[in-house]
2 protein chains.
Amino acid sequence: MRRDIFQAIADPTRRAIIALIALQAMTPNAIANNFDTTRQAVSKHLRILTECELVKQEQKGREIYYSLEIDKMKEIDKWLEQFRKIWETRFDQLDNLLATIKKQKK
Amino acid sequence: MRRDIFQAIADPTRRAIIALIALQAMTPNAIANNFDTTRQAVSKHLRILTECELVKQEQKGREIYYSLEIDKMKEIDKWLEQFRKIWETRFDQLDNLLATIKKQKK
DNA sequence: AATTTGCGAAACCAAAAGGTTGCGCGTATA
DNA sequence: TATACGCGCAACCTTTTGGTTTCGCAAATT
């Protein structure tokens, strides 16, 4: 099963998990307590997140703490860049247009 | 069928379509020619993209031109912001650390 | 040592996704 | 007017997804 980060963030529960463990590492049970779902379901989500390296785990005794690989999130940012270029250009164009109108008014 | 933008970009073909029509409006056939897929498959993707308002259409005779609603892409950017804060903070911390080390060397 | 707790993994299931094929409706072209 | 073209839509099929249940293992607690 090939995983990629865009598929990983497609699920709303997974996005919530990501936001949750971004701030502090948590165990599957602790994560599940934050949602209306079971540990097993969370476990499956964590597996998917781990597969695409969005999440790392750290064993402490019998507990496993999951935390976000924040750097991986930059991949989304990187993909978005091509569009950011476009919307910034359009903004500039609008800016120029407004400036031109202003100038004409004088 | 509830659609959201994260689900829309989960599919690699849809991401490719988005990138394609970001630059210029295109018809379903023209889009399909760029990939190894059929018009009908593209049509289904376009429908999903339209449902979550990521794409707009303009009829010209019997052709329908699809183009990207670039502003909608900002929603992803907005979601990413919470994580950008984190990775920028970490970067600052690293920055401070390096500065401290540098200072100690003097 | 026996029991409880935290966990991943596997088997299973319903629902959704992504694709194909065939259709009908307009618009262009002959 | 007949034919070709561009398109959306519905029916259908296979694969994937997200969830539950059950299990076994290892670590903690009694």
Side-chain angles (χ1 to χ4, degrees), chain A residues 1-21 24-69 72 76 79, chain B residues 1-21 24-69 72 76 79:
Chain A
M1 248 174 284
R2 201 58 174 288
R3 300 286 181 193
D4 86 36
I5 193 175
F6 293 99
Q7 205 198 343
I9 63 165
D11 184 86
T13 304
R14 278 198 292 271
R15 283 202 300 282
I17 291 175
I18 290 173
L20 206 58
I21 63 174
Q24 56 175 332
M26 292 178 79
T27 65
N29 266 325
I31 295 169
N33 285 337
N34 282 274
F35 308 110
D36 185 26
T37 185
T38 61
R39 175 189 65 79
Q40 280 85 347
V42 168
S43 205
K44 275 191 117 181
H45 285 305
L46 286 171
R47 193 189 168 191
I48 291 170
L49 292 171
T50 306
E51 272 173 17
C52 65
E53 298 172 302
L54 244 173
V55 147
K56 60 172 180 286
Q57 35 185 300
E58 196 183 348
Q59 184 112 23
K60 283 197 179 175
R62 67 179 167 182
E63 294 183 327
I64 301 178
Y65 284 84
Y66 287 85
S67 59
L68 187 64
E69 279 283 9
K72 192 74 178 181
I76 304 168
W79 178 74
Chain B
M1 248 175 284
R2 202 55 176 290
R3 301 284 181 194
D4 86 35
I5 193 175
F6 293 100
Q7 204 199 342
I9 63 165
D11 184 88
T13 304
R14 278 199 292 272
R15 284 201 301 281
I17 291 175
I18 289 172
L20 206 57
I21 64 172
Q24 56 175 334
M26 291 178 79
T27 66
N29 266 324
I31 295 169
N33 284 338
N34 281 274
F35 308 110
D36 185 27
T37 184
T38 61
R39 175 189 64 79
Q40 279 86 345
V42 168
S43 205
K44 274 191 119 181
H45 285 305
L46 285 171
R47 193 189 169 192
I48 291 169
L49 293 171
T50 305
E51 271 173 18
C52 65
E53 298 172 303
L54 205 56
V55 147
K56 61 173 179 284
Q57 36 185 300
E58 196 183 349
Q59 184 112 22
K60 282 196 180 176
R62 67 180 168 183
E63 294 182 326
I64 301 178
Y65 284 85
Y66 287 86
S67 59
L68 187 65
E69 279 282 11
K72 193 74 179 181
I76 304 169
W79 178 74

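Treat the numbers as computed from the prediction; the structure is a model and nothing was measured. Numbered from 1 within each chain, the chains take letters A, B, ... in sequence-line order.
- Here the shortest heavy-atom pairing between B:L68 and B:L54 reads CD1-O, 3.2 Å.
- The distance from atom CD of A:Q57 to atom P of C:dC7 is 11 Å, rounded to the nearest whole Å.
- Side chain of B:R47 to backbone of B:V42: no donor-acceptor contact under 3.5 angstrom is found.
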Once base and sugar-phosphate atoms are separated, protein heavy atoms under 4.0 Å mark nucleotides 18-30 of chain D, 5' to 3', with B, S and - as BBBBB----BS--
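- Looking at residues two or more places apart in sequence or on another chain, you find no side-chain hydrogen bond (donor to acceptor under 3.5 Å, both in side chains) involving B:R39.
- Every residue two or more places apart in sequence or in another chain that forms a side-chain hydrogen bond (donor to acceptor under 3.5 Å, both in side chains) with B:E63 is listed here: B:Y65.
- For B:S43 and D:dG8, the shortest distance from a side-chain N or O to OP1 or OP2 is below 4.0 Å.
- Not one side-chain nitrogen or oxygen of A:N29 sits closer than 4.0 Å to the OP1 or OP2 atom of C:dT5.
- A donor-acceptor pair under 3.5 Å is formed between the side chain of A:R15 and the backbone N or O of A:I9.
- Rounded to whole angstrom, the span from the CZ atom of B:R47 across to the P atom of C:dG19 amounts to 15 Å.
- Remark: P of C:dG6 and OH of A:Y66 are 15 Å apart, rounded to the nearest angstrom.
- The existence of a salt bridge linking A:D11 and A:K44 is excluded, since no basic side-chain nitrogen approaches an acidic carboxylate oxygen closer than 4.0 Å.
- With rounding to whole Å, B:E58 atom CD is found 16 Å from C:dT27 atom P.
- Taking atom CG of residue A:L46 and atom C1' of nucleotide C:dA9, one finds them 14 Å apart after rounding to whole Å.
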